[in-house]
Protein chains: 2
Amino acid sequence: MARTPNDTREKVYRFVRDRLLAGRSPSVREVQQAMGFKAVESARSHLSKLVEAGRLTKADGQARGYGLPGRVGDRSARVPLLGRVQAGALTEALETPDGWVITWARPGATLFALRVRGESMSGVGIMPDDVVIVRRQPRAEEGDVVVAMVEGEATVKTLRFVDGGVVLHAENPAFAPIIPAADALTLLGKVVEVRRFLDLDWLPAWPS
Amino acid sequence: MARTPNDTREKVYRFVRDRLLAGRSPSVREVQQAMGFKAVESARSHLSKLVEAGRLTKADGQARGYGLPGRVGDRSARVPLLGRVQAGALTEALETPDGWVITWARPGATLFALRVRGESMSGVGIMPDDVVIVRRQPRAEEGDVVVAMVEGEATVKTLRFVDGGVVLHAENPAFAPIIPAADALTLLGKVVEVRRFLDLDWLPAWPS
DNA sequence: GTCGAATGCAGACAAATGTCTGCCTTTGGT
DNA sequence: ACCAAAGGCAGACATTTGTCTGCATTCGAC
């Protein structure tokens with residue numbers, strides 16, 4: 001067999017995987033050097049075997065085209081982070097977001113993100129300054145956490161139906177439910193994801 | 001000046017940024033084609049201007065070497081989601097993650113993700129089944145939310161120092177603090193991000 | 001031992017990609 | 001009107017990167 005045992009394949013895989021998780025694909029020659037191969041082909045043959053085995057993917061004809069199998073970057077989506085959203089201003093706010101959030105793509109859905117203000121949803125673990133990712137939709141179901149416009153302000157609440165009417169329920173006993181007039185409520189969408197960043201040193205500013 | 005107004009620069013930037021947020025840097029000729037330029041140099045000059053202006057970064061001498069500036073989002077990173085992590089098994093668990101989570105890359109840091117079990121951290125909004133993203137590091141500071149190994153099990157707690165000793169503090173009055181023996185504690189890392197998915201229909205299975 | 005598969009080495013070649021030079025057109029200022 | 005700067009075009013060239021061919025070495029299977 002080979003001069004070295006089968007570990008080499010594994011080392012190649014780990015090196016490529018780590019580089020991919022760190023951000024970008026290595027080139028074949030970078031693998032060669034990292035592994036101590038004297039010839040490019042050694043690295044390349046290992047790489048092609050790994051692709052063949054389904055442990056790596058490859059964008060053909062592209063430099064640094066290796067990737068991890070499954071939904072890599074193709075299914076990820078960037079979501080605009082909007083500060084505060086006024087009534088009709090959502091469309092305009094989309095033009096100048098505060099930043100961007102990365103998440104898995106929901107094909108066919110329109111997503112945006114908001115920063116939460118206030119403690120009104122702390123009972124379900126949505127704290128001030130959390131970022132909620134919202135899917136735009138005109139209606140929602142009982143119990144959904146939604147973002148709604150009430151009196152020109154976007155608010156995050158739990159949607160409930162009481163006596164045929166709509167109630168925006170705060171998940172915090174200190175906050176009273178909101179019972180908006182039927183025509184004073186605009187549902188912006190449903191909260192599909194909640195995020196909290198505990199390591200602000202690493203996020204001094206939102207990428208824009 | 002130019003034939004077209006300054007918007008061109010902006011369009012180039014957006015194209016590159018979107019491609020970067022989607023996963024990988026475009027090549028100069030891909031920018032050329034996307035913008036409808038007839039010559040490569042048009043695209044390249046815009047790119048170099050953007051780098052000059054600090055709006056993009058560039059890995060010199062590397063194919064597809066453009067990135068977003070700042071320590072924040074040079075690019076997105078895939079983080080392995082590990083189920084439960086046993087003592088020495090973290091390295092092996094990296095080989096067969098339950099899935100992947102996308103977040104901003106923290107250059108130079110090793111990240112992994114865990115699913116939270118139990119209510120012990122509900123006081124700070126970390127609920128059961130939440131996903132925490134953890135940066136590996138051997139020590140942390142007072143008040144940090146950390147992942148630590150105690151008796152062969154990974155646990156999420158707040159780190160506190162009391163009387164010179166380490167206390168793992170639960171953020172829920174129903175849970176008593178853990179005071180591990182000095183040599184029975186292994187700090188896996190610090191929680192840098194918390195995520196909750198409220199729309200499981202859209203995430204029927206974890207991407208793998 | 002002999003064979004073959006797997007691995008490694010060496011070198012060359014081709015494709016992708018980045019970079020440079022020169023020139024033209026447009027636009028804004030003087 | 002004139003000039004300078006910026007943007008754009010065309011083509012060439014250099015570097016990086018991927019890929020191919022051929023051969024040598026190792027080691028397990030027979």
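Residue numbers start from 1 in every chain, and the chains themselves are labelled A, B, ... in the order their sequence lines are given, proteins ahead of strands.
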Could you state the [atom1]-[atom2] distance from [X] to [N], rounded to the nearest angstrom?
X	N	atom1	atom2	value
A:Glu10	C:dT7	CD	P	12 Å
B:Arg44	D:dG8	CZ	P	14 Å
A:Arg24	C:dT17	CZ	C1'	14 Å
A:Arg9	C:dT7	CZ	P	5 Å
B:Leu56	C:dG18	CG	P	13 Å
B:Lys58	D:dT16	NZ	C1'	11 Å
B:Met35	D:dC9	CE	P	13 Å
B:Gln32	D:dA10	CD	P	10 Å

Looking at [N], I'd like to know if its phosphate oxygens (OP1 or OP2) sit under 4.0 Å from a side-chain N or O belonging to [X].
X	N	value
A:Lys49	C:dA6	no
A:His46	C:dG8	yes
B:Ser42	D:dC9	yes
B:Ser48	C:dT19	no

Given B:Arg135, B:Lys157, B:Lys190, B:Arg139, the one that forms salt bridge (Lys or Arg N to Asp or Glu O under 4.0 Å) with B:Asp144: B:Lys190
A:Arg19, A:Arg24, A:Arg44 screened by salt bridge (Lys or Arg N to Asp or Glu O under 4.0 Å) with A:Glu30, the one that passes: A:Arg19
Side chain to side chain contact (heavy atoms under 4.5 Å, CB included) partner of B:Leu198, chosen from A:Val194, A:Val192, A:Val124: A:Val194
Sugar-phosphate, base or nothing in reach of B:Glu41, heavy atoms under 4.0 Å: base
Touch class at under 4.0 angstrom, heavy-atom based, for A:Ser27 against every strand present: sugar-phosphate
5' priority, DNA chain C, between A:Gly61 and B:Val40 [closest heavy atom]: A:Gly61
4.5 Å side-chain heavy-atom contact, A:Thr8 and A:Phe37: yes
Note, B:Leu168 side chain near B:Leu159 side chain (heavy atom, < 4.5 Å): yes
Residue whose nearest DNA chain D nucleotide is more 5′ - B:Arg29 or A:Asp60: B:Arg29
From D:dC9, C:dA10, C:dG8, nucleotide with atom closest to A:Ala39 side chain: C:dA10
